[in-house]
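Notes follow the structure.
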Number of protein chains: 4
Amino acid sequence: METRGYTSPLREEAAARTRERVLLAAAELFAEGGYARTSVAAIARAAGVAVNTVYTSVGGKSALLLAMVDDGVADEAVRATTAALTSATSAAEVLRLVARGTSVTRDRRELTLSVLLDNRDAHPDVAEAARVAEAEVRARFAEAADRMLELGGLREGVGGEELRRALWFYFGFPAWRVVRAEGLSWGDGAVWLCGQASDSLLAR
Amino acid sequence: METRGYTSPLREEAAARTRERVLLAAAELFAEGGYARTSVAAIARAAGVAVNTVYTSVGGKSALLLAMVDDGVADEAVRATTAALTSATSAAEVLRLVARGTSVTRDRRELTLSVLLDNRDAHPDVAEAARVAEAEVRARFAEAADRMLELGGLREGVGGEELRRALWFYFGFPAWRVVRAEGLSWGDGAVWLCGQASDSLLAR
Amino acid sequence: METRGYTSPLREEAAARTRERVLLAAAELFAEGGYARTSVAAIARAAGVAVNTVYTSVGGKSALLLAMVDDGVADEAVRATTAALTSATSAAEVLRLVARGTSVTRDRRELTLSVLLDNRDAHPDVAEAARVAEAEVRARFAEAADRMLELGGLREGVGGEELRRALWFYFGFPAWRVVRAEGLSWGDGAVWLCGQASDSLLAR
Amino acid sequence: METRGYTSPLREEAAARTRERVLLAAAELFAEGGYARTSVAAIARAAGVAVNTVYTSVGGKSALLLAMVDDGVADEAVRATTAALTSATSAAEVLRLVARGTSVTRDRRELTLSVLLDNRDAHPDVAEAARVAEAEVRARFAEAADRMLELGGLREGVGGEELRRALWFYFGFPAWRVVRAEGLSWGDGAVWLCGQASDSLLAR
DNA sequence: CATGAATGAGAGTTCATTCAT
DNA sequence: TATGAATGAACTCTCATTCAT
C-alpha cells in the first residue's frame, strides 16, 4: 500500500484552478437559470473544460453545491472572524465582529447563497446543501454565543439557547435577504443589524 | 371562457371535473416535489387520467401553472370583493375588504401560491406565471386604490401611485408570506395587516 | 377513477407486434454479442423503432430479459403439456409428456435460453432472469411429479422431493445443454433423456 | 520477457509485485462481478494502485486476461510436468503425469479459469483469452500425445489425432468443470479422470 | 515506474410532447 | 373528449484510455 507522497506542485495548482473555474461557472449558471435547468454540459462549456472534467475535478451535480458550501465555510473571512472572537473584550465587540464577518461573507459568497436560497424549495439537492450551510453558520454562531456568555454584559435572562437563536435571527440567511430586499448595502446592513441585535441582547 | 349553451352539459361537466382533478394533482405535486422535478406522467397518475388528458384538458406543463393562476383570479371570493368595493362607503372599509379578500384567497389558494413563490427563482415557467398572478393582483389593488381616492379620507399627500404600491406592500404576496412565517392565522394576519395599512394610509 | 374499458383492437395488435419485434431483436443481439455489450440503441435499431419505444413497449434493459422469460412461460406448448398431464394414465406417459414438452420448448425458446445460460455468470440481471425462469420450470415439474405420484408405478422408495429433483436433473436446463453439446437433435435428445429418466424412476 | 541483467533488481522486484497484486485483484473482481461489469478503476482500487498503474504494469483491460493466461502457462507446475514427460517410461505414466499436472494447475488457477469459462460466451475479450488458453493446453497435450506414441502401449488403432482429442476430452477445461460440478476434490477428480482415460486409451 | 488530471465516447434512462384512434 | 403508443431530445453519469509530470 506504500503510497509515495508524490506531489507535483504544478499539476496540483493547475487542478485547483480547474476546480475553481468549474465551481464559478456552476454558481453563475445555477444562479442565472436555476439548479434543475442547468446541465452539467452547460457548466463544462462555460468553464472551458470537458464534461467529465466536472466529474473528476469536483463530482456530480449535487457535489458542486456541496463544494460551493465547503469553499464558503473554508473562506478566510470566516476563519479570521472566528479567530478574532478569542481576543474580543466585550459582548458588544462580538456582535460587531459577527456583523462584519457575515457581511463580508455575504458579499463574497453572494452567488452561492442566492443559489441555495432561491432553489432550496424547488430541489432536494439544493435543500440538502442549504441545510449543511445553515448548520455550519449556526455552529459558528454557537461559538460566538459561548464567547458572549463568557464575556458577560448581556441583558438579564438571556441564556445560551436564546442567544444562539437570536444570532441566527439577526445575522442568518433570512436577515441578510431582507437587507438585500430593502436595497441596503452590505455595510449599511451590517450596521443596522448590529444595532438591532445590540438593542435586543445587550444590557443597557 | 364562456360556455356554449348547446353543448352537452353532462360531457361538459365531466370535462370540468377532469380539469379540476388534474389541476389539484398538479398543485399538490408541484408543491411537494418542486415544479421542475414533477413530471407530467406523475401528475396524470395522481389525477387518475392518461398522460395525454393532461394536455387535452389543460395544456402543457407550463399551461398548468397559468391555469392555476386563472382559477385563482376567477375565484368567487375575488369577484365578491371587487363587487363589494362599489358599495363601500369609506376608504377604511375598502382596506377592510381588501384585507379580508386577500386573506380568504390566500387561504383557498395556498397550494398554488406556495408553488409560485417557492419556484419562481428556480424556473422561468414559474417566474412567468408568478408575474401574471402578481399583475392580476396589482390590477385589483389598482381598482381598490381608485375607489379609495373617490371616497376620500386618505392621509394628506397620498396619491394614486403611492397608494397602489402601499396596497401591494401591505396585502401582496410577500406580506402574507411574513404572516405565515410569523405563525399567525390568516384571520389574525388580516387584522394585523389592516391595522398597519390603516395607520399608514388613512387620515387621522 | 372511472376508467373506460376503451380498447382499440387495431392499436393493440400493432403494439403487440412492436413488442414482439423488440423482444426478438433483443434476444438475437443478446445471444450474438452478450447481454452487457448489447446497447438498447442497437436493439431499437435492429427492431426498427425509436430507442424509447423499447422502454414504452417493454421496459428497461433488464425488463427485456424478464419479458422473454414471461413469454416462454406463457408459451402454448407449456400450457398444452400441463393440460395433458391431467389426462395421462401412467407415470411413464407423464415422463414422455415432459420430455416432449421440454424438447419443444427448448426448440422454440433456444435463443432466450442460450442468452440466459451463457450470461448468467457474467451479469446479475441475467442471473436474476435465469433464476425466475428456473423457478417457473421447477414449478411445472412439481406438478408433473405430483401427477406421477397420483398415478403410481414408480420405483420403490421414490418420494416427492427426490422426484422433483430428478425431473430437473433429467429435463432441466443443464440436461438439454448436454444434449446440444453432444450434437443430438432435440427429438433424439428427448428420447434419450426420457429413457434415462424411465430407467431411474419407474418400477420395472 | 527476458529481463536485462543490468536493471535495478529492487525496482524490478517491486514492479513484479505490483503486477501480481493487480492481476490477483483483477481475477477476484472478474470472478465476482463478471468481466464486463468490473471497471479498471475498481481493479486499481482493490490492488491499492493508481488507475494508470494498471495500464503501465499490465496493459488494458483485455491485456489483464491475457496476462493471467500467460501466468498460468508459465506456471512452474506446467513446466515440471512437461519436463517429467521426457523421463516417463510408459504411456500409463504419462497419463498419470497429465492427470496430476492438470489437477494441480486447476487448483492453482481456479480463479482465472472460472473467469474464462463463465464469461467466454458473454464477452469477446474473454472468448479470445479462453481460446489462447485452450490452445496452450492443447499444445501441451500434443507433446504428451507424442511422448505416448513414442513409448507405445496404446490400444490398437489409436493415432495421434485421436489421442490429442481424447486428452482434451479427459483432462481439458470441460472435464474438470464436471469434476467440480460433481463435488469431487481435485485429487479424486484426477484419479477418476485418469482411470477413464486409461480404460479408453491404453492396451489391456 | 507510477501518478493525478483530463478526456471522448457512449451508456441507460426520463422527459414533455404528438399522433392516430 | 380521452386514450395508448410512439417519439426525439436531453439528461446524468461511467467507462477505458492517454497525457504531462
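Just so it is clear, the structure is predicted and the values come from calculations on it, not from any experiment. First the proteins, then the strands, lettered A, B, ... as listed; each starts at 1. Side chains are part of it too, since the values below use all heavy atoms of this structure and drop only hydrogens, waters and symmetry mates.
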**OP:** Look at all strands and tell whether C:S62 reaches a base, only sugar-phosphate, or nothing, counting heavy atoms closer than 4.0 Å.
**Re:** nothing
**OP:** Test for a donor-acceptor pair under 3.5 Å between the base of F:dT17 and the side chain of D:N52, counting only N and O atoms.
**Re:** no
**OP:** Both distances under 3.5 Å, Watson-Crick or G-U wobble: report the partner of E:dA20, or none.
**Re:** F:dT3
**OP:** Quickly work out the A:R17 CZ to E:dA5 C1' distance and round it to whole Å.
**Re:** 13 Å
Original post:
Does D:T38 reach the main-chain N or O of D:L29 with its side chain, forming a donor-acceptor pair under 3.5 Å?
Top reply: yes
Original post:
Partner of F:dA10 by Watson-Crick or G-U wobble geometry, both contacts under 3.5 Å, or none?
Top reply: E:dT13
**OP:** Select base, sugar-phosphate, or nothing to describe what D:T56 touches, counting heavy atoms under 4.0 Å on all strands.
**Re:** base
Original post:
Between C:Y35 and B:R37, who's closer to the 5' end of DNA chain E by nearest nucleotide?
Top reply: C:Y35
Original post:
Under the 3.5 angstrom rule, does the side chain of D:R21 hit a backbone N or O of D:A47 as a donor-acceptor pair?
Top reply: yes
**OP:** Could you check B:V51 against D:A50 and say which one's nearest nucleotide on DNA chain E is further toward the 5' end?
**Re:** D:A50
Subject >> Nucleotide E:dA11, atom P - distance to CD1 of C:I43 in whole Å >> reply: 11 Å
Original post:
Under 3.5 Å, side chain of C:N119 to main-chain N/O of C:G34, donor-acceptor pair present?
Top reply: no
**OP:** Round to a whole Å and report the spacing from CG of D:L64 to P of F:dC15.
**Re:** 15 Å
